[in-house]
Amino acid sequence: MRDQRPTWSGQRSHVAGASGLTRRDFVAGALAGALVTNSALEAFAQAIPLHCAPPAPGIAPTPFVPPASQPVRVRKSAFELDAPEVSKLKAAYAALRRLYENRPNDPRNWYYQGVVHCWYCSGALDSIWGPEIHGGWFFLPWHRCYLYYHEQILADLINDPTFTLPYWDWDTPGRNRFPPPYLDPPDQTNPLFDVFRAVDASTLIPDFLTGPDTMMRVMGQSTFALFGGAGEGVSGQSGRIEGAPHGGVHLWTTNPTTLVPPQVNMGVLGTAAFDPVFFALHANIDRLWQVWLYTAATPPHANPSEDAWGQQTFVFYDGRCLWSQIAVEQVVDSQASLRYRYQPPTLPPAPPGPPAPAVVAAATPPRSAPARVASSTVLEIAAPAGGASLTPEPHTLRVTAPPTAASTLSTMAAAPAQRRVVLHIDGVEVPSDRAALVNVFLNQPDATAATLTSDPGFVGSIVLVPNTVAGGHSHHTVQRNFAFEVTDKIRAAPPAPGGELSVTLVPFQGDGTPPSTISLRYKRVYLATE
Ligand code: C2O
């Protein structure tokens, strides 16, 4: 039940039952090694996630100490690994899977590494789950920590301290496809392979998820809240990087055509980390956080400065099986404290045409940040009592702008360096086993599922990856808040006093058609300045 939700530090008391093996473990174990039959796959898909909670020792965690003297390790694009690096990566995941066969209760093994992620997607199991790290400002730092410990475990298993995870840079031109080592060969003799994927080497990620327009928009977000998320839980808000690209690539991996309905493993948060490519996807998210932070901008890009963010701790097993506790503020400078950095991707020759805007590095590393910007509501657009449900058809909300709101909006939009106009969609609620894709348009009431994201009225996409597998736990819902900066759109077309403004919510599928069904409610839509 919700009120039994453990606190961040109290996880240990909730994982007591996590030792004995079950039939489900057996099925998962079979999948780790030998070739599987279709019925074994089905059984696995229905059975996982099982012990969502990672096994925890009855001892207090040991505080993480940055390994100051370790040489800095370099993470490279998965498209640029040389043959020895690919063999090393495969050897590491082979060892991780073998550890599961030989020591099924070892928390470092392939299975329990996947379970760590499940535990942090609240609602993945009926009665027991950890804190939710999606949909808010812990999304980036929690995954950074997770990758760090995962990488260390792999390095220790192959006894190679220089080992690093590669990143899947779907945003680099020409790399909007699956990273080759993870599909070569595309069967279970490859420890990087996962049988639940539905893509091959030629399947392309659609541009609306990772293409240049989308990435320019995501990387151009001016605050951490808009880029990486704000707050946590039901009062938290998703950052743009978490939806499209991140959530979209999850869904695409297991259902590249329509994206919804979702499929295990990658298409469901509770199972995603059973697929080794999960860690390459998240290494890229982690890299892009770094790129965003160091991109010159006015005001400068910065991480949150609140203690509630920096002092939050998470608990993981390290490579030596030590129960280790790490704080967000210990990982914000990943090179200094975690001793790794990213080798930028080698870009292909630029195509003819106007040059792409260069990413300019900020002169000094942004360390201390302004506090989260206070926001003030300017215009309520909809706050239906008890919330409202979407149907597969586009849903337009219209509001008349009172003179004061109209003039505040135009003034704010005219000085974007100081203040921003942000469209908030709060209390978006979906059953925890459903994916949802909804495009959001401003003053474009004719938008349909086929309207492209290059449309001038396009504001952004709501992309929800379900927490759990279909069916079993649908009485849970997941609630998220979304925010989209619309300063430039308001500036281009300032609302006239007494004029009408509209927001159109358009459910869609990856192939540009409306979904046959959607189960999504929202509570409030409004414009704020911040
Ligand atoms: Cu924790 Cu890609 O999700």
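Just so we're clear, the structure is a prediction, and the values are computed from it rather than from any experiment. We count ligands from 1, going down the list as the structure has it; atoms in each ligand are counted the same way.
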### Query
Excluding sequence neighbours, so at least two apart, what forms salt bridge (Lys or Arg N to Asp or Glu O under 4.0 Å) with Asp213?
none
### Query
With Asp156, which residues qualify under salt bridge (Lys or Arg N to Asp or Glu O under 4.0 Å), at least two apart?
Arg320
### Task
Return the name of the atom in His250, of element N, O or S, nearest to atom 2 (Cu) of ligand 1.
NE2
#### Entry: Protein N/O/S atoms closer than 2.8 Å to atom 1 (Cu) of ligand 1
His117 NE2, His134 NE2, His143 NE2
### Query
Got a sec, which residues hit ring pair (Phe, Tyr, Trp, His ring centres under 6.0 Å) with Phe79, two or more places apart in sequence or on another chain?
none
### Full working for ring-ring contact (aromatic ring centres under 6.0 Å, His included) between Trp289 and Phe227
CA-CA 9 Å; Trp289 175 15; Phe227 174 75; 8.4 Å; no
### Message
Looking at Val328, is its backbone amide N or carbonyl O close enough to the side chain of Arg144 to form a donor-acceptor pair, meaning the two atoms are under 3.5 Å apart?
### Response
no
#### Entry: Tyr340 six-ring centre to Arg75 NZ/CZ under 6.0 Å and within 45° of normal
yes
